[in-house]
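Take a look at the structure below.
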Amino acid sequence: MPLVGDLRNLLQFPGFRRLLAVRLLSQLADGVFQVALATHVVFSPQSETSAGEIAAAMAVLLLPYSVLGPFAGVLLDRWRRRQVLLFGNLLRAVLATATAVLLLAQVPQWLFYLAALSVTGVNRFILAGLSASLPRVVDEERLVLGNSVSPTAGTVAATAGGGVAFLVRLAVPAGPGADAVVVLLGAAVYLLAGASALRMKPGLLGPDPDRVQHRVGVAVASTVRGLAAGLHHLSRRPTAARALTAMTVMRFCYGALTVMVLMLARHSWGDGTGAGEQGLRWLGVAVVVSGAGFLAAAVLTPLVVGRLSEMGWIALCAATAAVLEPALALTFAPGPILVAAFVLGLVTQGSKISTDTIVQSAVNDAYRGRVFALYDMLFNIAFVGAAGVAALMLPQDGHSEALVATIAVLYVLVAFGLALGRRRFT
């Protein structure tokens, strides 16, 4: 596969190898921790999980990305990035350990959420630091290649971490202790990620001291003005704006259906026990199948885009989901839902790859970073908003024909809007 050849090419750089090791371990731990949080909220035997509790958990996982994301660079351009990767991962190991202790102590749920929020908040700095460090470890000729390969490898690592977490969770006797064991596993991997950063010299990843903007207030104000300028620039790039709008709606659809699958796994596919071990197994399979859809999108998208264009591929993805999503999801049965998980993983990731490409090509380089910061905010806020809407529409057993129909209509509107816009602008 091209990804393997590209990775082999980049591994010739010692700095890239070490930075990639930090990324893989960090995102592997992210996958473990996030699945531990999800399984505790959804499959906790001592409570009847509601869609509202699932929405709250998703807000904990994703809102720090949205709020802190644009401002993380202000501090990353003032601190040594290698130290951020080192101490950030060590801090997450401590916070994750504290979260495991809270699980064993069976404290009020809000205190558990606060601890989990602290872990995921630090994560924004780690991911931003990994991206900002990449130009320091590869040459300019291979920078685009590094930007393509490194995040993809990280996503695979996060998916693998989720799979490991499911296996460990199923192997340990049910109860708060099982969730705590998974969280402690994540803490151990965070510790390894921090230790792996020690293989790099403190100044290797920058920033250069003479380029630091010394006044924090000025830097924060500059970031706010930059986001406003990026939004204004995007308003004058209709192709990029349409792609971002379509991707935001499709991310919303994916988020709402994710909550539905969680509710189905917990209350409809279980084995009748308090821990819902059978439902947990189905959920683990759904995560793997959806991840396979993401990988399939990485293979198919370059081939299809060559024939249809990026916007045409997004429209086809939306149209495909509009047809298959209600046909499969209205059964509310595990088999068809797993097929739907693969399809939706493929169309969502295929659309995201195309949207990334459109934004990169349609937006001026001087505004690209700011537009991608807005993109990141929209991407995560859409998912959290979808969880909130699903919480209002879903009954306890997860069967909601109204939600499935609403999502299908949204996919139809995306496909129709893109097709109409493409005809207008061509």
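Starting from 1, each residue takes its place in the sequence as its number. Predicted model, so just to flag it, every value in this text is computed and none were measured.
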Mind running side-chain contact (heavy atoms from CB on, under 4.5 Å) on V22 and N89 for me, showing each step along the way? CA-CA 9 Å; V22 177; N89 277 305; 4.1 Å; yes
Below 4.5 Å, heavy atoms only, C-beta onward: do [X] and [Y] meet side chain to side chain?
| X | Y | value |
| --- | --- | --- |
| K352 | F379 | yes |
| L316 | W313 | yes |
| V181 | L184 | no |
| L338 | V285 | yes |
| S196 | R18 | no |
| F416 | L420 | yes |
| L25 | Y190 | no |
| V164 | L185 | yes |

Starting at [atom1] of [X], measure out to [atom2] of [Y] and round the result to the nearest 0.5 Å.
| X | Y | atom1 | atom2 | answer |
| --- | --- | --- | --- | --- |
| M260 | F332 | CE | CZ | 5.5 Å |
| F87 | R82 | CZ | CZ | 7.5 Å |
| L328 | L344 | CG | CG | 8.5 Å |
| L95 | L114 | CG | CG | 10.0 Å |
| L85 | L19 | CG | CG | 6.5 Å |
| L378 | T355 | CG | OG1 | 11.5 Å |

Side-chain ion pair, D30 and R92, N-O less than 4.0 Å: yes
Shortest non-hydrogen contact between [X] and [Y], atoms and distance:
| X | Y | value |
| --- | --- | --- |
| R81 | G129 | CD-O, 4.3 Å |
| S26 | A193 | OG-CB, 3.6 Å |
| S354 | T301 | OG-CG2, 3.8 Å |
| P395 | S400 | CD-CB, 3.9 Å |
| V404 | P326 | CG1-CA, 3.7 Å |
| A36 | V182 | CB-CG1, 3.5 Å |

Evaluate the side-chain contact (heavy atoms from CB on, under 4.5 Å) criterion for residues D397 and M263: first the C-alpha distance (whole Å), next the side-chain angles of each, then the deciding distance (0.1 Å), finally the verdict. CA-CA 6 Å; D397 63 3; M263 294 297 290; over 6 Å; no
Can a donor-acceptor pair be found between the side chains of Y254 and S290 at a distance below 3.5 Å? yes
I'd like to know whether R281 forms a side-chain contact (heavy atoms from CB on, under 4.5 Å) with L170, so could you lay out the CA-CA distance, the side-chain angles of the two residues, the decisive distance to 0.1 Å, and finally the verdict. CA-CA 8 Å; R281 291 188 182 93; L170 290 170; 3.6 Å; yes
If we check side chain to side chain contact (heavy atoms under 4.5 Å, CB included) with T99, which of these qualifies: L37, V119, V94? V119
Which is it for F13 and D139 under the side-chain contact (heavy atoms from CB on, under 4.5 Å) test, yes or no, and what are the steps along the way? CA-CA 9 Å; F13 296 87; D139 57 22; 3.5 Å; yes
Side-chain (R23) to main-chain (G154) donor-acceptor, under 3.5 angstrom: no
